[in-house]
2 protein chains.
Amino acid sequence: MDSQPTAVQRPIQLRIADDLRMSIESGELRPGDALPTLGEITERWSCSMNSARAAVALLKSQGLITSGRGKAPRVREALPRVVRSSERHQEEKDLAARPMRERASTGEAETTMGMSIQDQAFTSQYDTVEATDDLARVLDVPSGEPLLRRRYQARDVSAGRLLSSSVSYIPRGLVDGNPAILDEENEPWPGGTQHQLSTVGVEIMQVVDEVTGRMPTTAEAQEWGLPEGVPLLICRRISLDGDGKAVEISDATYPADRTELRFVIPLRPWQTYPPNDYPGKGEAA
Amino acid sequence: MDSQPTAVQRPIQLRIADDLRMSIESGELRPGDALPTLGEITERWSCSMNSARAAVALLKSQGLITSGRGKAPRVREALPRVVRSSERHQEEKDLAARPMRERASTGEAETTMGMSIQDQAFTSQYDTVEATDDLARVLDVPSGEPLLRRRYQARDVSAGRLLSSSVSYIPRGLVDGNPAILDEENEPWPGGTQHQLSTVGVEIMQVVDEVTGRMPTTAEAQEWGLPEGVPLLICRRISLDGDGKAVEISDATYPADRTELRFVIPLRPWQTYPPNDYPGKGEAA
DNA sequence: GAGTGGTCTAGACCACTGT
DNA sequence: CAGTGGTCTAGACCACTCC
């Protein structure tokens, strides 16, 4: 009579975690507040230490709370989100057509995120790699074709943690015409990639951003200084020329707890205003 | 001599997890392959069951492996990703201007994702809510202003799991002019929201998508049938009229392991081709 | 130094999978 | 039914925080 066919009894750790979550969502526990200690949990729910731990660990893995040795776990406070807008693509294109003085001055200020520029360390590494099947398909070149790979990172100087990270791929055949592009000593190039490509006769006419997400590896979490339970946003930017041919791929990762990707899409006006009819129209008043 | 000041010894669970991860990344363990059993792990790394569990649990929380009672944990196989493209916004706008017959036929086929339409159950619920501070700010109305809230869900009929879920908010003041819009019995409305708004004289001229991500709650993971370690993509779509005024907000959630959000951004052509100059240009040959 | 959480062990019971 | 992983307990040691 008492035993249900499924879910005989919800595991104690889940019940604890749900109760705690409700305390948080109801506002009983506010961001920054400390959770009950493990000892208190064992008492209140009459369970073992390990079950109490498991409950807290679950909430941690869901990104709800912070933790640390010897410190009481606390309800996580939301970080301000840095907005990365798709409008930057057009701005960079406009900039590329400006005189060099102007291009040089506007250069890398883009990457600031509430930090002054001297607190950040920028690195760029150039090399040539063979196109993987994945990259070759998008760039429409044979697998194994040589690609110029450029890796960019910005780090917080004091904490040593990653602030931004991206990898760009361009077919060598496209840029071999201008050896200056192949030299990482020329970074930061005034006017960015779009100006670089202009020197070999390429104009980017369309950008496609492909966004998805996943959990970081242990190593990634450490490099970014990510708390547990924070996913990464994965963004692949494909730049196309006037013929719709992909000329550059740029893969970037962003911590989801402090990033918002914004895409602004203009729509063409209606040529004729939509007809004002629909099912039920004019039936009952 | 042997004891370092920090990180005296990396926790055994992390070492196990890293070793297993390397096996996966090197291709030694391929997608679908079973991991070593807990017993084997305790032997190979001479640790306790719980440490072996902890290592496997870590990989699970990073989305690398699947698991289940009595079943060996396996290397997760990537799911095919459903692409949601920003080009749909323009397509929906174009459709709204078509005759009703055409609008009605193209209606809801959009949501298919490799499933036939009769395997899916669509629900829509309408009600009126007061604008939260958050919504009010974006829609530029006073807090507490009445909003038409429309909740849409699609479910896999056989498994009962969520396939898509979104919530839309429109100020009541905008749509009160056409009571038909307030009636959920009129779903699916032929031509969608953009046609609905056209009946009260509103034309969407710009769409802004704001994308971020987070881990699902326990309840969300269950509703979507999400394996552990899979984040949600959070997408807020803001529709603007010709004056740049926000007229609709639509919040949607997507499982990151089976979704790709794609944004296509056209760029305006250069008016003047960029000058071919940069630092170092013409110095050494 | 007292109290906290992080790591780890040993051992138990149960639900489920596969044969 | 044997073997597996999921849940849970009790108890230990250590690193760290805060007082």
Side-chain angles (χ1 to χ4, degrees), chain A residues 2-20 29 32-61 64-76 218 221-222 226-229, chain B residues 2-20 29 32-61 64-76 218 221-222 226-229:
Chain A
D2 272 330
S3 68
Q4 290 101 329
T6 59
V8 191
Q9 172 100 348
R10 230 164 122 61
I12 182 69
Q13 15 174 314
L14 290 190
R15 290 204 314 266
I16 300 173
D18 280 354
D19 288 353
L20 289 175
L29 287 173
D33 284 358
L35 264 67
T37 66
L38 292 185
E40 287 167 352
I41 292 178
T42 60
E43 267 186 39
R44 226 195 281 174
W45 282 271
S46 50
C47 66
S48 77
M49 276 286 203
N50 278 349
S51 301
R53 280 181 209 294
V56 174
L58 179 60
L59 295 179
K60 233 187 333 183
S61 78
L64 277 170
I65 59 179
T66 63
S67 73
R69 258 208 233 267
K71 276 190 301 194
R74 292 173 182 282
V75 180
R76 188 170 294 173
T218 313
Q222 197 171 11
L226 288 180
E228 264 193 76
Chain B
D2 272 330
S3 67
Q4 290 100 330
T6 60
V8 191
Q9 172 98 349
R10 231 165 120 60
I12 183 69
Q13 15 174 318
L14 290 189
R15 290 205 314 266
I16 299 173
D18 280 355
D19 288 354
L20 288 173
L29 287 172
D33 284 357
L35 264 66
T37 66
L38 292 184
E40 287 167 351
I41 292 178
T42 60
E43 268 186 37
R44 227 196 281 176
W45 282 271
S46 50
C47 65
S48 76
M49 275 286 203
N50 279 350
S51 301
R53 280 181 209 294
V56 174
L58 179 60
L59 295 179
K60 234 188 333 184
S61 78
L64 277 170
I65 59 179
T66 63
S67 73
R69 265 192 149 104
K71 276 190 300 193
R74 291 173 182 281
V75 179
R76 189 171 293 172
T218 313
Q222 196 170 15
L226 288 181
E228 262 192 77

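Each chain gets a letter, A, B and so on, in the order its sequence line appears, and its residues count up from 1. Atom set for the values below is all heavy atoms of this structure, side chains included, hydrogens, waters and symmetry mates excluded. Please read these numbers as outputs of a predicted model, since none were measured by experiment.
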For A:T37, what residues pass the side chain to side chain contact (heavy atoms under 4.5 Å, CB included) criterion, not counting sequence neighbours? A:E40
Sorted by chain and residue number, the side chain to side chain contact (heavy atoms under 4.5 Å, CB included) partners of B:R15 (sequence neighbours excluded) come out as B:Q9, B:R10, B:I12
For B:G68 and for A:R15, find the nucleotide of DNA chain D with the closest heavy atom, then tell me which residue's nucleotide is more 5'. B:G68
Residue pairs meeting salt bridge (charged side-chain N to carboxylate O under 4.0 Å, His left out), one or both in residues 46-58 of chain B, sequence neighbours left out, come to none
With sequence neighbours left out, the residues meeting side chain to side chain donor-acceptor pair (under 3.5 Å) with A:T218 are B:R21, B:Q62
Can you list, in residue-number order, the parts of residues 32-40 of chain B that come under 4.0 Å of DNA chain D, counting heavy atoms only? B:T37, B:L38
Residues in side chain to side chain contact (heavy atoms under 4.5 Å, CB included) with B:A57, at least two apart? none
Grab the CD1-P distance between B:I41 and D:dG3 for me, whole Å please. 18 Å
CG on A:L59 to OG on A:S67, rounded to 0.5 Å: 11.0 Å
Send over the distance from A:L58 CG to D:dT7 P, rounded to a whole Å. 10 Å
What is the separation between atom NZ on B:K71 and atom C1' on C:dT17, rounded to the nearest whole Å? 8 Å
Nucleotide N/O of nucleotides 9-12 of chain D paired with protein N/O under 3.5 Å:
residue: D:dT9; atom: OP2; partner: A:S48; partner atom: N; Å: 2.9
residue: D:dT9; atom: OP2; partner: A:S48; partner atom: OG; Å: 2.8
residue: D:dT9; atom: OP2; partner: A:S51; partner atom: OG; Å: 2.4
residue: D:dT9; atom: O4; partner: A:N50; partner atom: ND2; Å: 3.2
residue: D:dA10; atom: N6; partner: A:N50; partner atom: ND2; Å: 2.6

Please give, in whole Å, the distance from C:dC8 C1' to B:Q13 CD? 8 Å
If the condition is side chain to side chain contact (heavy atoms under 4.5 Å, CB included), which residues does B:A52 pass it with, not counting sequence neighbours? B:L38, B:I41, B:T42, B:C47
Expressed in angstrom and rounded to an integer, what is the separation of A:R69 atom CZ from D:dA15 atom P? 7 Å
How many whole angstroms separate atom CD1 of B:I16 from atom C1' of C:dC8? 11 Å
Of all residues at least two apart in sequence or in a different chain, which pass the side chain to side chain donor-acceptor pair (under 3.5 Å) check with B:D19? B:W45
